[in-house]
Structures are given as structure tokens and as C-alpha cells.
Amino acid sequence: MTRTSRPGGRRPLLVAVLLAALLGLPPTTAHAATVPDDVTEWFTEVAAATATAVWPGPDDVGSRVSAGEPRPLYQWSEEFRSGAATDEPVTAVEEWIAPVTSAGEPAGVVVAWRHEGEIALAYTEEDAALAAAIAGLPGAALVVHEPVIGAHFAVDDGTVSTLRSSTFPSTGPLPLADFQPVLTERVAEMSVPDEPEGGSRWWLPAVWVALGGLVLAGLALVAAAAWRRRGHA
């Protein structure tokens with residue numbers, strides 16, 4: 001599924017950041033408070049039903065599946081991931097995440113995104129530990145998803161904590177400056193570079209040899225058949 005976003009979808013985020021600058025607040029505080037009305041409405045009216053379909057549980061549990069408060073979802077900025085100095089370590093991705101509980105217990109998360117101007121389900125993830133970690137975050141904390149290493153982090157007051165990852169060492173809280181080189185190294189290790197255009201094609205000689213062998217075998221069969229016909233003539 002191709003993801004698209006509305007050009008004006010980040011306007012509330014920009015207003016919040018400008019307001020924070022005027023008030024002398026850190027930008028991350030403004031980010032955490034920005035959840036558009038249509039996103040809140042979707043999580044209130046649709047997320048629970050979506051979660052029930054994913055984690056129905058016993059017959060008497062379905063009515064007790066609920067989604068928590070949505071939070072904006074972020075990714076590390078390209079500059080931060082590459083190890084460069086930057087004042088913007090995270091970037092908004094027009095997605096929102098909320099923990100899901102089933103029968104009062106953490107079950108997973110629901111993620112929504114803005115697709116063709118409408119809020120819709122992006123994906124669900126059955127991960128009770130991640131749901132519990134997000135539900136326990138302070139209100140100003142940011143949830144950051146790093147898809148390359150399959151990890152979620154929390155950024156709060158200039159520090160980073162690992163919420164969930166099977167491939168990244170548990171950290172936290174670490175200052176952003178100390179966390180950045182660890183992230184950069186891990187992303188580089190797990191990134192698979194694209195093969196350059198016109199790159200090595202080691203398999204071509206083998207293909208030509210095989211084709212040549214087939215042609216020679218065919219010619220030999222034809223010659224043998226002709227010889228047999230002359231012998232019986």
C-alpha cells in the first residue's frame with residue numbers, strides 16, 4: 001500500500017512549534033501535544049473496533065478491548081541518523097500510535113495515518129510490552145519508530161530510552177548526544193546498500209556457458225541422427 005499525506009497536514013504541528021518558540025518551550029513539548037481533531041475522533045470511534053478484530057480474545061472480552069490516547073509517531077531525522085549535528089533529531093511522519101488493552105491487559109498497538117486526506121488504519125502490532133511502555137510514558141514524551149532496526153524509542157526532556165527492540169541494545173535514559181553514535185552505528189550495520197546501476201553481474205558468464213552447452217548438445221544430436229540415416233541408406 002502506497003502512503004500519501006495531505007500537503008497541509010502538518011500545519012497544526014508548525015503552529016505548535018512556533019508557539020513553543022514564543023513561549024520559550026522546547027519544540028518536543030509542543031510536538032507531543034499536537035493531535036488533530038480528526039485523529040482523536042478516529043481513535044475514539046474506530047480504533048477499538050479495529051483492535052477487537054485483531055485481538056478478539058474470548059467471547060466476553062471483545063467489549064472490553066479499548067485503545068488508549070493517541071500520540072504522534074516520529075522517526076529520527078536523516079541528519080540525526082547519519083551522525084550529523086542537528087537541532088531537529090526527530091521528524092513527524094503523519095502517523096499516530098495508541099496502546100491497546102484487552103480485558104484490562106496490554107495487548108498491542110494501533111497505528112493510524114493520513115491517507116488521501118482521511119485518517120485510516122496503517123497497521124497493528126501485537127506487542128504487549130510495547131503497549132505497556134507507551135501507556136506509561138509521561139505526556140510530553142515522544143514516541144520514535146526506527147524501521148531499519150525495528151525499534152521504538154521514547155524521547156523525553158532531551159534523553160532517549162528504548163521502548164522495544166529485538167536488535168538494539170536496551171538504553172535509557174541516555175542524552176541525545178550519547179545516543180546518536182550508537183544509533184548511527186546500528187543503522188549502518190543493518191542497512192543493505194542498493195546495488196549500483198550496472199553493478200556486478202557475475203552470473204552472466206555462467207548463463208552463456210550453459211546456453212553454449214545446450215547448443216553444442218543439440219548440434220551433436222542432429223549430427224548423430226544424420227549419420228545413422230546415412231548408415232541405413
Side-chain angles (χ1 to χ4, degrees), residues 1-21 25-51 53-54 66-82 84 86-100 108-127 130-131 133-135 137-156 160-165 168 176 180 183 187 191:
M1 178 171 59
T2 303
R3 300 188 176 191
T4 58
S5 60
R6 186 172 61 185
R10 298 187 183 180
R11 193 168 299 161
L13 176 60
L14 177 61
V15 172
V17 172
L18 293 175
L19 179 61
L25 298 174
T28 53
T29 302
H31 288 181
T34 305
V35 177
D37 292 341
D38 56 346
V39 174
T40 300
E41 181 180 354
W42 187 90
F43 276 92
T44 300
E45 299 180 359
V46 181
T50 300
V54 177
S66 61
E69 291 292 326
R71 292 171 174 269
L73 196 58
Y74 297 84
Q75 289 184 4
W76 301 112
S77 66
E78 289 300 321
E79 294 80 7
F80 189 79
R81 293 168 83 247
S82 67
T86 177
D87 294 329
E88 294 292 336
V90 301
T91 180
V93 292
E94 284 284 272
E95 294 181 0
W96 296 265
I97 187 170
V100 173
V109 296
V110 173
V111 177
W113 65 309
R114 193 178 298 280
H115 177 60
E116 296 180 352
E118 300 293 334
I119 304 302
L121 174 68
Y123 60 90
T124 61
E125 191 166 346
E126 191 171 357
D127 191 324
L130 179 59
I134 292 177
L137 289 176
L142 306 184
V143 178
V144 183
H145 179 219
E146 175 47 66
V148 172
I149 59 178
H152 288 79
F153 302 93
V155 178
D156 186 28
V160 183
S161 300
T162 305
L163 294 178
R164 192 272 298 160
S165 175
F168 193 87
L176 279 165
Q180 185 180 19
L183 174 71
V187 168
S191 297

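Only a predicted model underlies this, so the values are computations on that prediction, with no experimental measurement involved. Atom set for the values below is all heavy atoms of this structure, side chains included, hydrogens, waters and symmetry mates excluded.
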| query | So how far is it from Thr162 OG1 to Ile149 CD1, rounded to the nearest 0.5 Å? | reply | 8.0 Å

| note | Between Trp96 and Pro72, the two heavy atoms sitting closest are CD1-CA, 3.5 Å

| message | Looking at every non-hydrogen atom in both residues, tell me the closest pair between Ala131 and Val100 and how far apart they are. | response | CB-O, 4.1 Å

| Do you know the tightest heavy-atom contact between Ile119 and Ala112? | CG2-CB, 3.9 Å

| query | Is the closest side-chain heavy-atom distance between Glu41 and Pro36 below 4.5 Å? | reply | no

| Are Arg114 and Val39 side-chain neighbours, meaning at least one heavy-atom pair lies under 4.5 Å? | yes

| message | I need the minimum non-hydrogen distance between Ala47 and Ala67, along with the two atoms involved. | response | CB-CB, 3.8 Å

| field | Pairwise distance NE2(His152) to NE2(His145) - rounded to 0.5 angstrom | value | 4.0 Å

| Least distance between heavy atoms, Phe43 atom then Ala98 atom | CE2-CB, 3.4 Å

| query | Is the backbone of Val148 close enough, under 3.5 Å, to the side chain of Glu146 for a donor and an acceptor to pair up by distance? | reply | yes

| message | When you compare the side chain of Gln180 with that of Arg81, does any pair of heavy atoms fall below 4.5 Å? | response | no

| query | Is Ser77 reaching over with its side chain to a backbone N or O of Phe80, donor-acceptor style, under 3.5 angstrom? | reply | yes

| message | Rounded to the nearest 0.5 Å, what separates atom CD1 in Ile97 from atom CD in Glu69? | response | 14.0 Å

| request: With rounding to the nearest 0.5 Å, note down the distance linking CG in Leu73 to CD1 in Ile134. | output: 8.0 Å

| For Thr124 and Val111, what are the C-alpha separation, side-chain angles and deciding distance, and is it a side-chain contact (heavy atoms from CB on, under 4.5 Å)? | CA-CA 6 Å; Thr124 61; Val111 177; over 6 Å; no

| task | With rounding to the nearest 0.5 Å, note down the distance linking CG in Leu163 to CG in Leu137. | result | 5.5 Å

| request: Could you tell me whether the side chain of Gln75 reaches within less than 4.5 Å of the side chain of Val90, counting heavy atoms only? | output: no

| Parallel, tilted or perpendicular: rings of Trp76 and Phe153 (30°, 60°) | tilted

| task | Answer yes or no: is there a side-chain heavy-atom contact under 4.5 Å between Leu121 and Val110? | result | yes

| Arg71 (side chain) donor-acceptor with Val35 (main chain) under 3.5 angstrom | no

